[in-house]
2 protein chains.
Amino acid sequence: MTPSAKVDQQHSMEPRDHGQHDHGACVLSALERARTAFGDKGIKLTPLRQRVFEEIAGSHDALGAYEVLDRMARKSGERLAPISVYRAIDALLAAGVVHRIESKNAFFACHAPHQGQERHIALVCERCQTVIEVSGADIFAAMETASAACGFKLSLAVAEGSGLCPACATLPTIAQATGMVTQP
Amino acid sequence: MTPSAKVDQQHSMEPRDHGQHDHGACVLSALERARTAFGDKGIKLTPLRQRVFEEIAGSHDALGAYEVLDRMARKSGERLAPISVYRAIDALLAAGVVHRIESKNAFFACHAPHQGQERHIALVCERCQTVIEVSGADIFAAMETASAACGFKLSLAVAEGSGLCPACATLPTIAQATGMVTQP
DNA sequence: TACCGAATGATACATCATTGCATTAACGGG
DNA sequence: CCCGTTAATGCAATGATGTATCATTCGGTA
Ligand SMILES: [Zn+2]
Ligand SMILES: [Zn+2]
Ligand SMILES: [Zn+2]
Ligand SMILES: [Zn+2]
């Protein structure tokens, strides 16, 4: 990846928010759920943790820890040590309000209810980077079945995917119609 | 993880090979399958790629790229640049003879036939580190179903697990019987 | 021979994450 | 209020993982 491409990837010019979606309200409600989750678990939602959470929830992307760091530094002018962000993220993970995407070494804010103990999987859009969560009960059940069938005692399961989100999945037809090609 | 624990994790004192298993033959057959896979795909199995593959296949663990590097350096006395190992691993991945475990940033040699297009998932033993592959057709089908149900066009799916392999899963009963405790 | 493309070597750098220890904030019992 | 305890943060260094860039080598080929 070239340095210039890297700049373009700061998630600023992405085709996020395909029209609808009140983002201010979306972030506020995420924050409210976070307060509840921290309260329920007896963990403290400190100012630092809240700032980190707002940064992650403020994007619907999965952000790397250093990306969070950069964004916070740009806003406040002060650069935290990486460990501070990692510690805050650990608390957010423990509270269940952010999740980690193993295949990207990145973190995203949970916008799913996770009511009960239902497991979800994360789906990452390759075009707009948006992460969505979908119920994964059948998937984890199948993993349990496949493991048990060979005598493996499964204790931790990871499942995640990437592709095109519903909004982006409809766009390639436009590229085709206009004669756009992917390889010059 | 403590530094001393790190040393213990060099995969040398692990309870690998719970009795049976002719490892020399196992590695040779893996190498033979690798030659075939490279031939089929029109990629060259160069000496460097073969050395890297032997190092990975010689362990039934998933090895990090730098662990491969260290082992090769210990054997030959010459230390490659990391990029050389990564490039070799890229070729091995392309040939399909090793797989990556996203949740560990590590690579293991494929010992499964993968006949046809059948997808497998990797299961990592938390005690002996052995990686096994099991058929994942149902799992990937469930991921496809869950994605399609919400309009997501899935193009890449990751599923992997950790826990206790069949051999290790039978051992904890011994620890219990002898009054062993996990927390002093 | 000259050329080309694939593979490798070599240096430096980028990105991801943790260890260790000092300092500060929060909270409850005297 | 003072003190002791614990959680949280600050700070410096380092470890662990992965890539960019350019030079060199090597095998085939016109
Ligand atoms: Zn939003
Ligand atoms: Zn999208
Ligand atoms: Zn073997
Ligand atoms: Zn085991």
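In what follows, every heavy atom counts, from backbone to side chain, and hydrogens, waters and symmetry copies are set aside. Chain letters run A, B, ... following the sequence lines, proteins first and then strands; every chain starts at 1.
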### Query
Between R35(A) and E32(A), is the closest basic N to carboxylate O distance under 4.0 Å?
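Counted as a salt bridge, because a side-chain N and a carboxylate O are separated by less than 4.0 Å.
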### Message
Taking the basic N atoms (NZ, or NE/NH1/NH2) and the acidic carboxylate oxygens, is any pair closer than 4.0 Å for R71(B) and E67(B)?
### Response
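A salt bridge is present here (some side-chain N lies under 4.0 Å from a carboxylate O).
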### Query
More 5' along DNA chain C: I83(B) or I43(B), using each one's nearest nucleotide?
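Nearer the 5' end of the strand: I43(B).
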Using whole Å, report how far [atom1] of [X] lies from [atom2] of [N].
X      : N       : atom1 : atom2 : value
E78(A) : dC11(D) : CD    : P     : 8 Å
L93(A) : dT18(C) : CG    : C1'   : 15 Å
L48(B) : dC26(D) : CG    : P     : 14 Å
R49(A) : dA7(D)  : CZ    : P     : 11 Å
Y86(B) : dA16(D) : OH    : P     : 12 Å
I89(B) : dT17(D) : CD1   : P     : 11 Å
K44(B) : dG5(C)  : NZ    : P     : 13 Å

### Task
Test ring-ring contact (aromatic ring centres under 6.0 Å, His included) on H60(A) and F108(A) and set out the steps.
CA-CA 7 Å; H60(A) 285 255; F108(A) 69 97; over 10 Å; no
Could you check whether [X] gets within reach of a base, just the sugar-phosphate, or nothing at all, counting any heavy atom under 4.0 Å?
X       : answer
R79(A)  : nothing
A65(B)  : nothing
R100(B) : sugar-phosphate

Please determine whether a side-chain nitrogen or oxygen atom of [X] lies at a distance below 4.0 Å from atom OP1 or OP2 of [N].
X       : N       : value
N105(B) : dG18(D) : yes
T46(B)  : dT8(C)  : yes
S84(B)  : dA7(C)  : no
Y66(B)  : dA16(D) : no

### Task
Can you check whether any acceptor in the base of dG10(D) is under 3.5 Å from a donor in the side chain of R87(A), or vice versa?
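For R87(A), whose side chain was compared with the base of dG10(D), there is a donor-acceptor pair (under 3.5 Å).
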### Given DNA chain D, 5'-ward residue of the pair L80(A) and P82(B), judged by closest heavy atom
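Between the two, 5'-proximity favours L80(A).
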### Query
Is V52(B) close to Q50(B) at the side-chain level, that is, under 4.5 Å between some pair of heavy atoms?
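Contact flag for Q50(B)/V52(B) side chains = no.
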### Task
Supply the atom-to-atom distance R127(B) CZ to K153(A) NZ, rounded to the nearest 0.5 angstrom.
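NZ of K153(A) is found 14.0 Å from CZ of R127(B).
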